[in-house]
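Following: one structure in structure tokens, then a few remarks.
Excluded from the calculations below are hydrogen atoms, water molecules and symmetry mates; all remaining heavy atoms, backbone and side chain alike, are included.
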Amino acid sequence: DTLLLNLGGKASRDFESNIWDFALSYNYGEDKARRDNDQDKVSRNDVRSAASYNRLLTELFYLGFGTNFLYDEISDIDYRVVLNPTIGHFLIKDNTYKLKIEGGPSYIFEKAGDVRDDYPALRIANGFEWAISCTSKIFQTAESLFDAGDSDNYIINAELGVEAAISTALSLVVTLRDNYDNQPAAGKKRNDLAMITALKVAL
């Protein structure tokens with residue numbers, strides 16, 4: 001009676017002083033036990049993408065730029081594009097632990113419901129990765145976006161996950177993802193919490 005499909009891809013490149021990261025995911029779900037006008041009830045339909053480039057100025061300090069895109073049918077978001085100039089610093093950076101904090105001004109373009117809007121925002125974020133062993137790791141990211149002109153308008157995105165290798169090319173990944181929008185589209189809830197289990201293939 002239910003269907004849930006999660007597809008995603010990530011690519012990264014850490015070469016000399018240049019760090020590139022790209023990510024794309026698609027999530028779709030149906031619950032046939034609930035019907036709306038005799039059609040299968042869609043429980044999830046969203047597309048997310050992110051890209052960033054960071055340039056290390058020292059071993060731990062970097063400058064960069066990133067962008068994110070979101071389409072979410074359930075949250076009634078036709079598009080949300082975020083542009084992020086970034087200033088960042090690695091608090092820890094070795095073969096076992098990586099902990100970074102970053103921030104900077106952002107600009108957001110979005111259409112939520114029937115409302116189009118664009119505004120400057122302040123972004124604060126962090127990222128953490130713990131390589132428990134050569135076959136498993138824990139990772140965490142979080143970011144907050146605060147509307148520069150409206151203190152009640154803010155967005156918080158967070159993710160916590162664990163990855164364990166099954167073979168040399170296959171891993172099991174379990175991720176808990178939370179997206180909070182304090183001013184969602186009319187009639188929509190503020191919080192979206194999802195747990196995603198997936199098989200990861202390393203190419």
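Minimum heavy-atom separation, Pro85 to Pro105: CD-O, 2.9 Å. Nearest heavy-atom pair across Ser75 and Lys188 is O-CG, 3.7 Å. Nearest approach of Gly88 to Phe61, heavy atoms of both residues: O-CD1, 3.3 Å. Summarising the geometry of Leu24 relative to Ser49, their closest heavy-atom pair is CD1-CB, 3.7 Å, with the distance given to 0.1 Å. Closest heavy-atom contact between Tyr71 and Ile77: CD1-O, 3.4 Å. When all heavy atoms are compared, the tightest approach of Ser144 to Ile156 is OG-CG1, 3.9 Å.
Contact of the Ile92 side chain with the Phe128 side chain is not registered, since no non-hydrogen atoms from C-beta on lie closer than 4.5 Å. Contact of the Asp178 side chain with the Asp192 side chain is not registered, since no non-hydrogen atoms from C-beta on lie closer than 4.5 Å. At least one side-chain heavy atom of His89 sits under 4.5 Å from a side-chain heavy atom of Leu60. Looking at Arg80 and Asp117, their side chains never come closer than 4.5 Å, going by heavy atoms from C-beta outward. A heavy-atom distance below 4.5 Å is found between the side chains of Leu199 and Ile166. Within the 4.5 Å cutoff, side-chain heavy atoms of Ile196 are placed close to those of Arg177. Side-chain contact check for Val82 versus Leu145: some heavy-atom pair is nearer than 4.5 Å. Side chains of Phe139 and Val173 form a contact here, defined as non-hydrogen atoms less than 4.5 Å apart.
Atom CZ in Phe22 sits 10.0 Å away from atom OG in Ser12 (nearest 0.5 Å). The distance from the CG atom of Asp72 to the OH atom of Tyr79 is 15.5 Å, given to the nearest 0.5 Å. Atom CG of Leu63 is separated from atom CD1 of Ile87 by 6.0 Å, given to the nearest 0.5 angstrom. To the nearest 0.5 Å, atoms OG (Ser43) and CG (Asn27) are separated by 10.5 Å. To the nearest 0.5 Å, atoms CD1 (Ile138) and CG (Leu160) are separated by 7.5 Å.
Among the candidates Asp46, Asn45, Asn6, the single residue satisfying the side chain to side chain donor-acceptor pair (under 3.5 Å) test with Tyr26 is Asn45. Checking Asn68, Asn84, Thr67, Thr86 one by one against Ser106, the side chain to side chain donor-acceptor pair (under 3.5 Å) holds for a single residue, Asn84.
The aromatic ring centres of Tyr107 and Phe109 sit less than 6.0 Å apart.
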- Message: side chain to side chain donor-acceptor pair (under 3.5 Å) for Tyr180 and Asn182? Distances and angles first, verdict last.
- Response: CA-CA 6 Å; Tyr180 183 88; Asn182 197 53; 3.0 Å; yes
- Message: Set out, in order, the CA-CA distance, both residues' side-chain angles and the distance that settles side-chain contact (heavy atoms from CB on, under 4.5 Å) for Lys100 and Asn126, then state yes or no.
- Response: CA-CA 5 Å; Lys100 65 180 181 179; Asn126 87 295; 6.0 Å; no
- side-chain contact (heavy atoms from CB on, under 4.5 Å) between Phe146 and Asn153: does it pass, once the steps are laid out? CA-CA 6 Å; Phe146 301 93; Asn153 185 23; over 6 Å; no
- Residues Leu172, Thr197; criterion side-chain contact (heavy atoms from CB on, under 4.5 Å); working and verdict: CA-CA 7 Å; Leu172 176 66; Thr197 304; 3.8 Å; yes
- Item | Pair Tyr119-Glu110, side-chain contact (heavy atoms from CB on, under 4.5 Å): steps then yes or no | CA-CA 9 Å; Tyr119 53 90; Glu110 67 177 9; 3.9 Å; yes
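Take Asp78 and apply the salt bridge (charged side-chain N to carboxylate O under 4.0 Å, His left out) test, not counting sequence neighbours, and it matches Lys111. Phe90 meets the ring-ring contact (aromatic ring centres under 6.0 Å, His included) test with Tyr62; sequence neighbours excluded. For Tyr28, there are no ring-ring contact (aromatic ring centres under 6.0 Å, His included) partners, not counting sequence neighbours.
The environment of Asp114 atom CG is sparse: at most 12 non-hydrogen atoms of other residues, nucleotides or ligands sit within 6.0 angstrom. For Arg55, the CZ atom sits in a packed shell: over 12 heavy atoms of surrounding residues, nucleotides or ligands are nearer than 6.0 Å. More than 12 heavy-atom neighbours from other residues, nucleotides or ligands sit within 6.0 angstrom of CG on Leu56.
Side-chain atoms of Lys41 do not come within 3.5 Å of backbone N or O of Glu30 as any donor-acceptor pair.
Among pairs with a residue in residues 5-19, none fulfils salt bridge (Lys or Arg N to Asp or Glu O under 4.0 Å), at least two apart in sequence or across chains. Sorted by first then second residue, the salt bridge (Lys or Arg N to Asp or Glu O under 4.0 Å) pairs that include residues 120-133, not counting sequence neighbours, are Glu102-Arg123, Arg123-Glu143, Glu129-Lys137. Listed by first and then second residue, the salt bridge (Lys or Arg N to Asp or Glu O under 4.0 Å) pairs involving residues 145-156 amount to none (not counting sequence neighbours).
Between the side chains of Asn18 and Tyr53, at least one donor N or O sits under 3.5 Å from an acceptor N or O. Remark: the Asn157 side chain and the Asn179 side chain contain an N/O donor-acceptor pair separated by less than 3.5 Å.
Salt-bridge formation is detected for the pair Glu163/Lys200: a Lys NZ or Arg NE/NH1/NH2 atom is positioned less than 4.0 Å from an Asp or Glu carboxylate oxygen. In summary, Arg44 and Asp31 do not engage in a salt bridge, as defined by a charged side-chain N under 4.0 Å from a carboxylate O.
No path of Ile, Leu, Val, Met, Phe, Trp and Tyr side chains, each step under 4.5 Å between heavy atoms, connects Val47 with Ile155, placing them in separate hydrophobic clusters.
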